[in-house]
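Here's the structure, in C-alpha cells; my notes come after.
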Amino acid sequence: PERRDAAHRAQWQAEMAARAVLPNVVVKVSGLATVDHAWTVDSLRPWVLDILERFGTDRVMFGTNWPVETLFSSYLEAVDAWRVIVAEAGVDRETQGRLLAGNAARLVRMAA
C-alpha cells in the first residue's frame with residue numbers, strides 16, 4: 001500500500017479482492033515499512049490480516065525489502081511483528097512456518 005488513508009485502503013482492498021479470486025495469484029507481503037516509517041504492530045495488522053483473509057495461508061509469503069527497510073526497522077523487528085500479528089490471529093506454528101519460509105520455497109522454488 002502506498003498510503004495509509006481510508007480512501008487508499010478501500011481502493012487497495014478492492015484491488016486485492018479482485019486478484020484473490022484468481023487461483024494462480026500469490027502474494028508476498030513485504031515493504032510495509034517503506035511507506036509507514038513509524039510503523040507498529042497495530043499499524044501493520046490490518047494490511048496483513050486483509051491479505052491472509054483474501055488469499056488464505058497457502059498463497060501468502062512473508063518478505064522483506066532489505067536493505068531499504070533497514071532505514072525503518074531491523075530484520076528481527078519485522079519478523080517479530082509478523083509473528084505477533086499471525087499468532088494473535090490464531091495461526092498455528094506450522095502454518096506460521098509456511099508463511100515465513102515454506103510457501104516461498106514451494107511457490108518460487110527457493111531454498112527454505
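These values consider heavy atoms only, across backbone and side chains, with no hydrogens, waters or symmetry-generated copies.
We find the CD1-CZ distance between I51 and R59 to be 10.0 Å, quoted to the nearest 0.5 Å. Once rounded to the nearest 0.5 Å, the distance linking CD of E53 with CG of L49 reads 8.5 Å. The structure places CD of E94 at 10.0 Å from OG1 of T57, a figure rounded to the nearest 0.5 Å. Within the model, atoms NE2 of H37 and OG of S73 stand 10.5 Å from one another, a figure rounded to the nearest 0.5 Å. Atoms CZ and CZ, from R19 and R54 in turn, are 12.0 Å apart once rounded to the nearest 0.5 Å. In this structure, CD in E69 is found 5.5 Å from OG1 in T34, a value given to the nearest 0.5 Å.
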Could you walk me through whether T70 and Y75 pass side chain to side chain contact (heavy atoms under 4.5 Å, CB included), step by step?
CA-CA 7 Å; T70 60; Y75 184 78; over 6 Å; no
For this session: Determine, step by step, whether E88 and V84 satisfy the side chain to side chain contact (heavy atoms under 4.5 Å, CB included) criterion, reporting the C-alpha distance in whole Å, the side-chain angles of both residues, the deciding distance to 0.1 Å, and the verdict.
Result: CA-CA 6 Å; E88 288 178 353; V84 166; 3.6 Å; yes
Might you work through the side chain to side chain contact (heavy atoms under 4.5 Å, CB included) test for V29 and F62, ending with a clear yes or no? CA-CA 5 Å; V29 179; F62 169 78; 5.6 Å; no
Residue pair E77, W39: steps toward the side chain to side chain contact (heavy atoms under 4.5 Å, CB included) verdict = CA-CA 11 Å; E77 289 170 322; W39 67 270; 4.1 Å; yes
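Considering only heavy atoms from C-beta on, L44 stays 4.5 Å or farther from W82 through its side chain. Under the 4.5 Å side-chain criterion, counting only non-hydrogen atoms from C-beta, V27 is not in contact with M61.
There is no path of hydrophobic side-chain contacts, each under 4.5 Å, that joins V68 to L76. Hydrophobic clustering (side-chain heavy atoms under 4.5 Å, transitive across Ile, Leu, Val, Met, Phe, Trp, Tyr) keeps W47 apart from F72.
Of all heavy-atom pairs between T95 and D92, the closest is N-OD1, 2.8 Å. A pairwise comparison of heavy atoms in D58 and L107 identifies O-CD1, 3.9 Å as the closest pair. Minimum interatomic distance between G56 and V60 (heavy atoms only, all atoms of both residues): O-CG2, 3.1 Å.
Salt bridge D80/R83: absent, no basic N to carboxylate O contact under 4.0 Å.
No donor-acceptor pair under 3.5 Å is formed between the side chain of Q96 and the backbone N or O of V86.
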